[in-house]
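Order of appearance sets the numbers: ligands from 1, and atoms from 1 within every ligand. The structure presented is a predicted model; accordingly, all values stated were derived computationally and were not measured. Numbers for residues simply follow the sequence, beginning at 1.
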Amino acid sequence: MNSLTNQVYPVIWHNNAVSLIDQTRLPGEYIFVEISRSEDMAQAIKTMIVRGAPAIGVAAAYGMYMGAREIDTNNRDRFLQDLEKVAEMLRATRPTAVNLSWAVSRIMRTAYETLGSVEEIKTSLFQTAQNINSEDLQTCQAIGANGLKVLPKEPDKLCLLTHCNAGALATAGYGTALGVVRSAWTAGRLSRVYADETRPRLQGAKLTAWECAQEGIPVTVITDSMAAHCMKQGFIDAVVVGADRIAANGDAANKIGTYSLALVAQAHNIPFFVAAPLSTVDFSLTDGSQIPIEERHPVEIYQLGDTVITPGGVEFYNPAFDVTPAALITAIITETGAFSPEELPNHREKQIV
Ligand code: MRU
């Protein structure tokens, strides 16, 4: 058995404000940014100081409470109208990860359902934001435990490949895909993690590698184009990734490059798991073609650090996510269990709304 050290919490409520680990500065610097205004929270989400589907849901929930605090009226209707504007601002920050709009909608529902004064509504909103934060931590631990049950039984110690960062940094703590990695590690079932570097933002090389190194989990960073070779060499026993939005049929949007990884895994007969909380499932979408894909600024492609690496006069396309068809997914690992994508609708009632 191994143990875990150095728990990481990317979104901490502290002294009436939120402390965010500045994920744009890792692994070089481990610093916190203090946020106390809703507009600053929206900016922190847009600029990816905080990123990862569940983490931006938690951050947006606190952003909603901050927005509520900023509204200076005792009139309930006026308050709710102004709060809708805060919701709109936060929802517009990042379009693909549904956890963000799920959290904002949950806060809005609390606002509409709380009877009493505006001050009482604000108190309930804070409580809901705190619940979203603490529930996500428990959810990730359950995902980790459920993932352990479906990982291949052989070899005894597994090599798992992951993409992007679906770790403690991307959630309230512990992680989804890295939650499965963590539980395999503590159970003594993990030999090594292969972390795709994940161009263009390098969440794998910078964040997943950092999290694993913090805890002494053996990690090998590879560039995205090396994954197929590693599978062919027999280095990889299973792939585990997170998700930003899963449609009702099990099609799953995750960081760009996930789809090609799933295709390559299928070609090598390697199981491909998607680990995500039920809050990542968007039952209103019948399939993945309806998932909005965020496009980010081309600077993420043409510049490495401060150096421009491409010639002038060329065009760029920078989708941040892609959709892996359900047919390529061995199982979806959630807090309520691990099951095949077709079984997803049976879990709809278990989703907190
Ligand atoms: O653009 P990012 O860094 O927010 O993208 C993150 C991912 O794609 C993660 O894999 C996903 O959000 C799952 S996080 C538990």
Atom pairs, nitrogen or oxygen, ligand 1 to protein, under 3.5 angstrom:
| residue | atom | partner | partner atom | Å |
| --- | --- | --- | --- | --- |
| ligand 1 | 1 (O) | R94 | NH1 | 3.4 |
| ligand 1 | 1 (O) | R94 | NH2 | 2.8 |
| ligand 1 | 1 (O) | K255 | NZ | 2.7 |
| ligand 1 | 3 (O) | R51 | NE | 2.9 |
| ligand 1 | 3 (O) | R51 | NH2 | 3.2 |
| ligand 1 | 3 (O) | Q203 | NE2 | 2.8 |
| ligand 1 | 4 (O) | G52 | N | 2.9 |
| ligand 1 | 4 (O) | R94 | NH1 | 2.8 |
| ligand 1 | 8 (O) | D244 | OD1 | 2.9 |
| ligand 1 | 8 (O) | N254 | OD1 | 3.2 |
| ligand 1 | 8 (O) | K255 | N | 3.3 |
| ligand 1 | 10 (O) | N254 | OD1 | 2.6 |
| ligand 1 | 12 (O) | A53 | N | 2.9 |
| ligand 1 | 12 (O) | D244 | OD1 | 3.3 |
| ligand 1 | 12 (O) | D244 | OD2 | 2.9 |

Salt bridge or not for E197 and K206, using N-O below 4.0 Å?
no
Six-ring centre of Y65, K122 cation under 6.0 angstrom, axis tolerance 45°:
no
Linking Ile, Leu, Val, Met, Phe, Trp and Tyr through side-chain heavy atoms less than 4.5 Å apart, which residues share a cluster with L161?
Y194, I222, M226, M231, F235, I236, V239, V241, I246, L261, V264, I270, F272, V274, L278, V281, F283, I329, I332, F339, L344
Hey, mind stepping through L304 and R199 against side chain to side chain contact (heavy atoms under 4.5 Å, CB included) and telling me if it holds?
CA-CA 11 Å; L304 272 189; R199 274 279 284 159; 3.5 Å; yes
For D287 and S289, run side-chain hydrogen bond (donor to acceptor under 3.5 Å, both in side chains): C-alpha distance rounded to whole Å, both residues' side-chain angles, the deciding distance at 0.1 Å, then the answer.
CA-CA 6 Å; D287 65 62; S289 67; 2.5 Å; yes
Do other residues, nucleotides or ligands put more than 12 heavy atoms under 6.0 Å from R78 CZ?
no
